[in-house]
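Structure first, then comments.
Just so we're clear, the structure is a prediction, and the values are computed from it rather than from any experiment.
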Amino acid sequence: MNILKVLSTGPHNVNELSEKLGLPFSTTAVNVKKLQDMNLITTELIPGRGTQKINTKNFDRIIIDLFPEDQIEEGNMITFDMPIGEYIDCQAEPSCGIVGMDDYIGMQDDPRSFYETGRKHAQLLYFRVGHVEYRYPNRLPYGAKATELEFSAEICSEAPYHKLDWPSDITLWINDIEIGTWTSPGDFGGERGFNTPKWWGLHFTQYGLLKNWKISKDGSFLDGVKISDVTVNELNLDEKPFISLRLGVKKDAVNVGGLNLFGKEFGNYRQGIIMNLRYVD
């Protein structure tokens, strides 16, 4: 892990890694070889003072699913990464806004901005109360049985500027069925998100938390913790030409603290809202 952290700052040879980590050359070389064998880093021969081997990392982020193998059903999987600006319905109350790569889309704190045609280029959207709804193409083959539906998104609360202690109850619905509510602890800023563009001020929201919802035959789970008894069979995925996902903050929630939703070019995770649909024929 320490080798990968060093390589995140730029390419290094084994000597440089050994010096920075305070490890013997032989120990460093062994660990570099293990990382290379697992395709986590790449080693190239670079001409210089003689020829030297330079190591570079292959990935910015690695996510490990810690479910035991006997809990993962074999079968097929359909994956779709939905851009956050491709919502089909929305309701937004100030503070609210929609942001592209280079500027705001429309006006700040004006709900009408959420209907601008440029919204498809959104990389960040936020509101204090309301929702956004997406419809994914339903590519479940005819006659197949869905075994698990999974969504992941980077989200957090919405406070004026940012505030680490700002709880918000954020609810997820699928096909108009309420799956469960997560209380976001705060609105994160003050330190630039990995992907957040430089023009976006540090005093504004910078990044969120990557949340993972999974609906299976055993119920609905958030980051591996069961949040409701809604099962994948109750979603009736074979009855509609689309799969609907809605994220929002209710007016009567205990913590009405808003929602920030991040796209690929904002925050810490280079993704929109990813859907994984597993099924068996």
Check: residues 15-27 side-chain donor-acceptor pairs under 3.5 Å, at least two apart:
| from | atom 1 | to | atom 2 | distance (Å) |
| --- | --- | --- | --- | --- |
| Glu16 | OE1 | Asn13 | N | 2.9 |
| Ser18 | OG | Leu23 | O | 2.5 |
| Lys20 | NZ | His12 | NE2 | 2.8 |

Which pairs of donor and acceptor atoms, one on a side chain in residues 234-249, lie under 3.5 Å apart (sequence neighbours left out)?
| from | atom 1 | to | atom 2 | distance (Å) |
| --- | --- | --- | --- | --- |
| Glu234 | OE2 | Thr231 | N | 3.1 |
| Glu234 | OE2 | Thr231 | OG1 | 3.3 |
| Ser244 | OG | Glu133 | OE2 | 2.8 |
| Arg246 | NH1 | Asp176 | OD1 | 3.2 |

Throw together a table of side-chain donor-acceptor distances under 3.5 angstrom for residues 89-96, partners on residues two or more places apart or in other chains.
| from | atom 1 | to | atom 2 | distance (Å) |
| --- | --- | --- | --- | --- |
| Asp89 | OD2 | His131 | NE2 | 3.4 |
| Glu93 | OE2 | Lys251 | NZ | 3.2 |
| Ser95 | OG | Glu158 | OE2 | 3.0 |

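The shortest heavy-atom contact between Lys145 and Asn233 is CE-OD1, 4.2 Å. The nearest pair of heavy atoms linking Leu277 to Ala146 is CD1-CB, 3.9 Å. Between Ile84 and Gly272, the closest heavy-atom pair is CG2-CA, 4.4 Å. Contact between Gly257 and Trp166 at its shortest, heavy atoms only, is O-NE1, 3.2 Å. Here the closest heavy-atom approach between residue Cys156 and residue Thr205 is recorded as SG-CG2, 3.8 Å. When all heavy atoms are compared, the tightest approach of Gly100 to Trp199 is O-CZ2, 3.7 Å.
Atom-to-atom distance recorded for His121:NE2 and Ile98:CD1 is 10.5 Å, nearest 0.5 angstrom. In this structure, CG in Leu40 is found 12.0 Å from CG in Asn55, a value given to the nearest 0.5 Å. Here Asn260 contributes atom CG and Phe127 contributes atom CZ; the two are 9.0 Å apart, rounded to the nearest 0.5 Å. Note that CZ of Phe262 and CD of Gln206 are 8.5 Å apart. Values are rounded to the nearest 0.5 Å. Taking CD1 of Ile170 as the reference point, atom OG of Ser184 lies at 5.0 Å (rounded to 0.5 Å). Taken to the nearest 0.5 Å, the OG atom of Ser220 stands 9.0 Å off from the CG atom of Leu149.
With contacts defined as side-chain heavy-atom distances shorter than 4.5 Å, the pair Asp223/Lys214 does not qualify. Within the 4.5 Å cutoff, the side chain of Phe80 has heavy atoms near those of the Arg139 side chain. Contact check for Tyr134 versus Pro83: no side-chain heavy atoms found under the 4.5 Å cut-off. Leu35 is not listed as a side-chain neighbour of Asn31, based on a closest heavy-atom distance of 4.5 Å or more. With contacts defined as side-chain heavy-atom distances shorter than 4.5 Å, the pair Ile105/Val99 does not qualify. With a 4.5 Å cut-off on side-chain heavy atoms, Ile41 and Thr56 do not count as touching.
In this structure, Arg119 forms no cation-pi arrangement with Phe114, as its terminal cationic atom is not both closer than 6.0 Å to the ring centre and no more than 45° off the ring axis.
Put simply, the side chain of Thr9 never gets that close to the backbone of Lys5: no donor and acceptor are under 3.5 Å apart. Remark: side-chain polar atoms of Glu154 are paired, donor with acceptor, to backbone N or O of Tyr269 under 3.5 angstrom. Proximity of a side-chain donor or acceptor of Ser228 to a complementary backbone N or O of Ile179 within less than 3.5 Å is detected. Judged purely by atom type and a 3.5 angstrom limit, Asp110 uses its side chain to pair as donor or acceptor with the backbone of Arg112.
Checked options Ile88, Leu261, Ile273; the residue passing with Val132 is Leu261 (criterion: side chain to side chain contact (heavy atoms under 4.5 Å, CB included)).
Under the salt bridge (Lys or Arg N to Asp or Glu O under 4.0 Å) criterion, Asp81 pairs with Lys264, not counting sequence neighbours. Remark: Glu265 engages Arg270 in a salt bridge (Lys or Arg N to Asp or Glu O under 4.0 Å) (not counting sequence neighbours). Taking Tyr207 as the reference, Phe188 meet the ring-ring contact (aromatic ring centres under 6.0 Å, His included) condition, with sequence neighbours excluded. A search for side-chain contact (heavy atoms from CB on, under 4.5 Å) contacts involving Thr181 returns Asp169, Thr171, Glu178, not counting sequence neighbours. By the side chain to side chain donor-acceptor pair (under 3.5 Å) test, Asp218 pairs with no residue at all, sequence neighbours left out. In this structure, Lys120 has no side chain to side chain donor-acceptor pair (under 3.5 Å) partners at least two apart in sequence or on a different chain. In this view, Asp37 and Lys33 satisfy the salt bridge (Lys or Arg N to Asp or Glu O under 4.0 Å) rule, not counting sequence neighbours. With sequence neighbours excluded, the residues satisfying side-chain contact (heavy atoms from CB on, under 4.5 Å) with Leu222 are Trp182, Lys211, Trp213, Ile227. The side-chain contact (heavy atoms from CB on, under 4.5 Å) check on Asp281 picks up Asn76, Ala144, Tyr279, with sequence neighbours excluded.
The cluster map of Ile, Leu, Val, Met, Phe, Trp and Tyr, joined by side-chain heavy atoms under 4.5 Å apart, puts Tyr126 and Leu172 in different clusters. Val230 and Val225 fall into different hydrophobic clusters, where Ile, Leu, Val, Met, Phe, Trp and Tyr residues are linked whenever their side-chain heavy atoms come under 4.5 Å apart, directly or through other members. Linking Ile, Leu, Val, Met, Phe, Trp and Tyr whenever their side-chain heavy atoms come within less than 4.5 Å leaves Met275 and Trp173 in two separate clusters. Residues Leu164 and Leu259 share a single hydrophobic cluster, defined by chaining ILVMFWY side chains whose heavy atoms lie under 4.5 Å apart. The hydrophobic clustering, which links ILVMFWY residues whose side-chain heavy atoms are closer than 4.5 Å, places Phe151 and Val232 together.
No hydrogens or angles considered: a donor-acceptor pair under 3.5 Å links the side chains of Asn212 and Glu150. Ser168 and Ser157 are not linked by any side-chain donor-acceptor pair at a separation below 3.5 angstrom, with hydrogens and angles left out of the test.
Atom NZ of Lys226 is surrounded by more than 12 heavy atoms from other residues, nucleotides or ligands within 6.0 Å.
Using cut-offs of 30° and 60° for the angle between ring planes, the Phe204 and Tyr161 rings count as parallel.
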Take Lys250 and Asp252 through the salt bridge (charged side-chain N to carboxylate O under 4.0 Å, His left out) test and state the conclusion after the steps.
CA-CA 5 Å; Lys250 301 176 183 178; Asp252 60 353; 5.6 Å; no
